[in-house]
Amino acid sequence: MSEIQQKEYPSVQEMTDDQRIKIVKDIFASVTDKYDFLNRFLSGRRDIAWRKRTIMEMEFLNTHRFLDIATGTGDLALDCAKTYPEVKVTGVDFVQGMVDKGMEKVSDQNLLDKVKLKWGDATNLEFEDNSFDVTAIAFGIRNIPDKEKALSEMKRIIVPNGQVMVLELTTPEPGLWRTFYSFYLNGMLPKLAKLFTKNPAAYEYLADSIINFPTRKEFLKLMESIGLKNCRAIPLTFGVCTLYIGKK
Ligand SMILES: C[S@@+](CC[C@H](N)C(=O)[O-])C[C@H]1O[C@@H](n2cnc3c(N)ncnc32)[C@H](O)[C@@H]1O
């Protein structure tokens, strides 16, 4: 058995922030080649609809620039460039393997003049204040221990009245659907992932990180606490995913 198959991660509640950052880098470096397939498969292709919904809420009124944070293999960045051809798109991620995979897709789709993906850390962005109309992070904030810092960076780099968007997997309200969903997350998802990935522990971490993510009310409060205005949460697919939007 290879070393990677024996991986086990501590539970999210037991990890220190530094440990978590290391584990997140390790996880995404290990699932790069199967990432897109597993996203579609494990979400029943809902991830495509959730990103589409995010794109439809975007407003480009000033700089006509979009920053996709924790861009991974660039799906949100690519969708944005295809929906809004006049917009220049930048994406950053702190796992170079994901960025490289994303750039292959940008090139295959002939979008090199519109989309640029590069290495970057969400908690320390290299961009100047007020340089984008919209910034978004899709399925990334869950993995960042210092969410306040990441949100503050997002607010800093957008123009006044610009949009901060956070798309994230969440747990539905208590009830039958939540019971079924918890069974899927903890029971089925890691087993399904095991069939396709060298690192099934990554998908145990996924379930754990979703369960430990702040509630909708708590997350909206966090957005407001860093000075974002008109903050709202749009539940998607019965609350399995939530789109948060706030303005500077
Ligand atoms: C679940 S993937 C989401 C990728 C993409 N946004 C999507 O919609 O498929 C999470 C990504 O967040 C990245 N990430 C996590 N923490 C980060 C940080 N502090 N800075 C930059 N990227 C980060 C990971 O490397 C990974 O590629």
Side-chain angles (χ1 to χ4, degrees), residues 9 12 15 17-43 45-55 58 66-83 89-106 115 117-127 134-154 157 164-170 185 189 193 197 199 202-210 213 236 240-244:
Y9 301 119
V12 165
M15 290 173 192
D17 287 0
D18 286 349
Q19 240 181 336
R20 187 162 186 186
I21 291 165
K22 242 180 111 202
I23 286 169
V24 165
K25 285 184 175 168
D26 186 61
I27 284 176
F28 287 103
S30 73
V31 298
T32 304
D33 53 340
K34 291 273 165 47
Y35 178 77
D36 286 352
F37 164 73
L38 279 166
N39 253 357
R40 308 290 179 271
F41 178 67
L42 297 173
S43 77
R45 295 183 71 81
R46 294 314 300 159
D47 66 310
I48 296 175
W50 297 332
R51 286 194 202 85
K52 189 105 236 140
R53 177 63 197 268
T54 308
I55 300 283
M58 292 179 177
F66 167 57
L67 178 65
D68 182 24
I69 298 175
T71 188
T73 58
D75 279 346
L76 191 68
L78 285 161
D79 283 358
C80 178
K82 285 183 272 189
T83 310
V89 179
T90 307
V92 292
D93 198 286
F94 72 2
V95 171
Q96 189 61 44
M98 294 292 262
V99 174
D100 294 343
K101 194 93 198 161
M103 278 312 290
E104 279 173 29
K105 286 159 66 177
V106 174
V115 182
L117 309 183
K118 54 181 169 174
W119 191 95
D121 186 333
T123 57
N124 188 14
L125 297 172
E126 65 177 79
F127 308 101
V134 183
T135 184
I137 182 165
F139 315 117
I141 196 93
R142 187 170 23 90
N143 299 307
I144 300 178
D146 196 346
K147 297 181 190 2
E148 201 176 325
K149 182 80 204 300
L151 286 171
S152 301
E153 278 291 85
M154 290 175 90
I157 55 91
V164 166
M165 295 187 166
V166 177
L167 184 66
E168 194 48 272
L169 297 171
T170 43
L185 265 188
L189 185 132
T197 158
N199 185 8
Y203 287 84
E204 280 163 22
Y205 164 81
L206 171 71
D208 200 19
S209 66
I210 295 170
F213 191 71
L236 304 168
V240 162
C241 184
T242 303
L243 172 60
Y244 298 92

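Both ligands and their constituent atoms are indexed starting at 1 by order of listing. Quick note: residue numbers are just sequence positions, from 1.
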For [X] and ligand 1, does the shortest N/O to N/O distance drop below 3.5 Å?
X: Val92; result: no
X: Thr73; result: no
X: Asp75; result: no
X: Asp93; result: yes
X: Ile144; result: no
X: Phe28; result: no

Looking at [X] and [Y], does any basic side-chain N land under 4.0 Å from a carboxylate oxygen?
X: Lys118; Y: Glu126; result: yes
X: Arg40; Y: Asp75; result: yes
X: Lys22; Y: Asp18; result: no

* What protein heavy atom sits nearest atom 12 (O) of ligand 1, and how far away is it? -> Ala70 CB, 3.2 Å

* To do: Answer yes or no: does atom CD of Glu148 have more than 12 heavy-atom neighbours from other residues, nucleotides or ligands under 6.0 Å?
  => no

In terms of atom number and element, which parts of ligand 1 are under 4.0 angstrom from non-hydrogen atoms of [X]?
X: Val24; value: 15 (C)
X: Gly120; value: 20 (N), 21 (C)
X: Ala122; value: 18 (C), 19 (N), 20 (N), 21 (C)

